[in-house]
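A short worksheet on the structure shown next.
No hydrogens, no waters, no symmetry mates; every other heavy atom, side chains included, goes into these values.
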Amino acid sequence: MMAQCLMLLESDPDREWFSQVYRENFRRMSALAVRLLGPGPKAEDAVHDAFLKLIHHSEQLRDWSPERTGAWLAVVVKNTALDMLRREKRETELEESEWMPSVPADEGGFQALVALIRQLPEEYRRVLELRFVAEWSLAEIAQTMGLTESAVKTRVFRGRKMLLKSLQKEGYLDGRACI
């Protein structure tokens, strides 16, 4: 990992600075990641991401004391690990939840679902398409549509609610939410 990171730096003084910070902090950051994520590739990824962020912010951090830089790295490792755990929890909840088909699997059911989605107001339809079909992040949608992430979340919530009501009205659901 260190060799890959060093290749990203342009000058010898930057490489020397990074090498010093890496040697002083790698074991501590690895131990922190293992405490939060358990041993394995996830912990390694969290540490790797932290050192990549260190390179990205090297101009700002270069003049910091070793203690302050180490504290910054610890915060980055912790936040990265927590983000990974949150993401994993959402994915696990999604897999473990009770799924049922919202429309019949035949061609007519698919067309009915598409027709219901197309009936949604544009502001909700577009957000749902970007979020669930194109699998864009909330930040990407917000930037593209000129909205805040909060507004995007609200539109996703309201759009899903409208679609659920339409599916129930058309008789495709027995009252349990699946979208």
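Side-chain contact check for E123 versus V127: every heavy-atom pair is 4.5 Å or farther apart. Two residues are said to be in side-chain contact when any heavy atoms from C-beta on lie closer than 4.5 Å; E44 and S30 fail this criterion. Residues K53 and T80 are in side-chain contact: their nearest non-hydrogen atoms beyond the backbone lie under 4.5 Å apart. At a threshold of 4.5 Å between non-hydrogen side-chain atoms, the residues F157 and K161 count as touching.
Not one N or O on the side chain of R131 forms a donor-acceptor pair closer than 3.5 Å with the backbone of V156.
From L130, atom CG reaches atom CZ of R125 across 9.0 Å, with rounding to the nearest 0.5 Å. Between the CZ atom in R158 and the OH atom in Y124 there is a gap of 5.0 Å [rounded to 0.5 Å]. In this structure, R62 CZ and L54 CG are separated by 10.5 Å, a value rounded to the nearest 0.5 Å. The OH atom of Y22 sits 10.5 Å away from atom CZ of R27, with the distance rounded to the nearest 0.5 Å. Atoms CG and CD, from L163 and Q168 in turn, are 10.0 Å apart once rounded to the nearest 0.5 Å.
In this structure, L82 is a member of the same hydrophobic cluster as L37, with clusters built from ILVMFWY side-chain heavy atoms closer than 4.5 Å. Residues L61 and F26 are members of one and the same hydrophobic cluster, defined by side-chain heavy-atom contacts under 4.5 angstrom among Ile, Leu, Val, Met, Phe, Trp and Tyr. Clustering ILVMFWY residues whenever any of their side-chain heavy atoms sit less than 4.5 angstrom apart, transitively, puts W64 in the very cluster that holds V21.
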Show the atom names and distances, to 0.1 Å, of all donor-acceptor pairs under 3.5 Å that link a side chain in residues 140-152 to residues at least two apart or in another chain.
residue : atom : partner : partner atom : Å
E140    : OE1  : S137    : N            : 2.8
E140    : OE1  : S137    : OG           : 3.4
T144    : OG1  : E140    : O            : 2.9
T148    : OG1  : A151    : N            : 3.0

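K42 pairs by the salt bridge (charged side-chain N to carboxylate O under 4.0 Å, His left out) definition with E88, not counting sequence neighbours. For L36, the side chain to side chain contact (heavy atoms under 4.5 Å, CB included) criterion is met by L32, K78, A81, not counting sequence neighbours. Applying the ring-ring contact (aromatic ring centres under 6.0 Å, His included) test to H57 and every residue at least two apart in sequence or in another chain returns W72. Considering only residues two or more places apart in sequence or on other chains, A33 meets the side chain to side chain contact (heavy atoms under 4.5 Å, CB included) condition with A43, A46, V47, V77. Not counting sequence neighbours, the partners of N79 by the side chain to side chain contact (heavy atoms under 4.5 Å, CB included) test are V75.
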Yes or no on side chain to side chain contact (heavy atoms under 4.5 Å, CB included) for L52 and H56, after CA distance, side-chain angles and deciding distance?
-> CA-CA 6 Å; L52 287 176; H56 182 72; over 6 Å; no
L128 and L120: side chain to side chain contact (heavy atoms under 4.5 Å, CB included), yes or no, with the steps?
-> CA-CA 10 Å; L128 290 177; L120 292 174; 3.6 Å; yes
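Side-chain N/O atoms of Q20 and E24 include a donor and acceptor closer than 3.5 Å.
Atom CD of E59 has 12 or fewer heavy atoms from other residues, nucleotides or ligands within 6.0 Å.
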